[in-house]
Amino acid sequence: MSSAEQPHEEEHHEEVATSYIPPPPKSIGELVAADQEDESLRKYKETLLGNAIAENIVIEPGNPKKVLVKKLVLVSEGQTEKTLDLSGDLSQLKQTVFTIKEGVQYRIRIEFFVQHEIVTGLKYVQKTYRKGIQVDKMTHMVGSYAPKKDLQSYTTPLEDAPSGLLYRGHYTVSSLFTDDDQNEHLKWEWSFEIKKDWN
């Protein structure tokens with residue numbers, strides 16, 4: 001939320017309507033089988049998909065989800081990273097309140113695994129509320145990811161924390177990790193406070 005924004009203004013944060021229709025999802029096998037005669041494209045797919053071509057990457061056996069969101073990390077220069085564990089009881093997350101010093105720049109990093117199949121058009125949507133009123137909305141295009149045994153991550157662009165007495169106080173955030181096909185990979189709520197100082 002930038003310092004130029006007023007708490008009652010949110011219309012310019014709404015998503016712009018688009019006629020874009022995502023292509024139908026394809027399995028890794030279908031992607032590999034297509035365009036086999038194109039050597040450069042075949043090599044590109046091998047680089048992109050890695051081990052997922054040769055084996056079915058499964059991080060959590062029995063869990064059908066393609067995206068397993070594990071952590072939200074608040075990153076601000078000069079401060080220790082602050083982490084929310086998203087693999088446990090999500091209803092308890094609002095009990096942990098991050099402190100953000102007014103006027104500082106910060107980023108949010110989402111850490112996740114992808115398993116089973118490639119996932120396309122990942123999006124991170126964040127709505128911020130103060131005293132029950134939505135004051136900010138951000139939608140970040142995360143991209144497309146192939147299954148990997150390694151933890152993958154997305155970091156948002158730098159944001160400016162608002163500054164001034166008017167903006168200090170408690171905020172609640174509704175976060176959603178979704179994709180082009182409107183799959184809800186994870187939805188959670190968390191909180192932060194804007195303060196004059198870090199302590």
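These numbers come from a predicted model, not from an experiment.
Formation of a donor-acceptor pair under 3.5 Å by the Asp181 side chain with backbone atoms of Asn183 is not found in this model. Remark: the backbone N or O of Ala146 is paired with a side-chain donor or acceptor of Gln152 at under 3.5 angstrom. Checking side-chain atoms of His116 against main-chain N and O of Asn63 turns up a donor-acceptor pair under 3.5 Å. The backbone N or O of Ser87 lies less than 3.5 Å from a partner atom in the side chain of Asp85, making a donor-acceptor pair.
Side-chain contact check for Met138 versus Asp136: some heavy-atom pair is nearer than 4.5 Å. Proximity of Ser175 to Val125: side-chain heavy atoms (C-beta onward) are nowhere separated by under 4.5 Å. Annotation: side chain of Val67 is not in contact with side chain of Leu186 (no heavy-atom distance under 4.5 Å). Annotation: side chain of Glu81 is not in contact with side chain of Ser76 (no heavy-atom distance under 4.5 Å). Looking only at side-chain heavy atoms (C-beta outward), Gln126 and Trp190 come within less than 4.5 Å of each other. Taking the side chain as every heavy atom from C-beta outward, Glu184 and Leu176 approach each other to under 4.5 Å. At a threshold of 4.5 Å between non-hydrogen side-chain atoms, the residues Tyr129 and Val173 do not count as touching. Here the side chains of Glu102 and Arg168 are in contact, with some heavy-atom distance below 4.5 Å.
Nearest heavy-atom pair across Lys101 and Lys196 is CG-O, 3.5 Å. Of all heavy-atom pairs between Leu86 and Leu72, the closest is CD1-N, 3.7 Å. Across every non-hydrogen atom of Ser144 and Thr120, the tightest pair is OG-CA, 3.3 Å. In this structure, Leu122 and His185 approach most closely via the heavy-atom pair CD2-CD2, 3.6 Å. Between Glu193 and Val97, the shortest heavy-atom distance links the atoms CG-CG1, 3.7 Å. Nearest approach of Ile59 to Val114, heavy atoms of both residues: CG1-O, 4.5 Å.
Between atom CG of residue Asp180 and atom CE of residue Met141 there is a gap of 5.5 Å, rounded to the nearest 0.5 Å. With rounding to the nearest 0.5 Å, the separation of NZ in Lys131 from NE2 in His170 is 11.5 Å. Atom NZ in Lys123 sits 12.5 Å away from atom NE2 in His140 (nearest 0.5 Å). Atom CZ in Phe98 sits 8.5 Å away from atom CD1 in Ile108 (nearest 0.5 Å). The distance from atom NZ of Lys65 to atom CD of Gln115, rounded to the nearest 0.5 Å, is 10.5 Å. Rounded to the nearest 0.5 angstrom, Thr156 OG1 and Arg109 CZ are separated by 10.5 Å.
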Full working for salt bridge (charged side-chain N to carboxylate O under 4.0 Å, His left out) between Glu111 and Lys70: CA-CA 6 Å; Glu111 299 183 356; Lys70 294 299 182 182; over 6 Å; no

Applying side-chain contact (heavy atoms from CB on, under 4.5 Å) to Ile57 and Lys148, what does each step give before you reach the verdict? CA-CA 6 Å; Ile57 304 291; Lys148 281 186 180 179; 5.6 Å; no

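For the ring-ring contact (aromatic ring centres under 6.0 Å, His included) with Phe177, the lone residue among Tyr145, Trp188, Phe112, Phe113 that qualifies is Phe112.
Grouping the Ile, Leu, Val, Met, Phe, Trp and Tyr side chains by contacts below 4.5 angstrom, directly or via other members, places Val73 apart from Phe192. Criterion: ILVMFWY side-chain heavy atoms under 4.5 Å apart, direct or through other members. Under it, Val142 and Leu158 are not part of a common hydrophobic cluster. No path of Ile, Leu, Val, Met, Phe, Trp and Tyr side chains, each step under 4.5 Å between heavy atoms, connects Val75 with Tyr106, placing them in separate hydrophobic clusters. Taking hydrophobic clusters as Ile, Leu, Val, Met, Phe, Trp and Tyr residues chained together by side-chain heavy-atom distances below 4.5 Å, Leu165 does not share a cluster with Ile194.
Annotation for Gln92: atom CD counts as buried by contact number, over 12 foreign heavy atoms lying within 6.0 Å.
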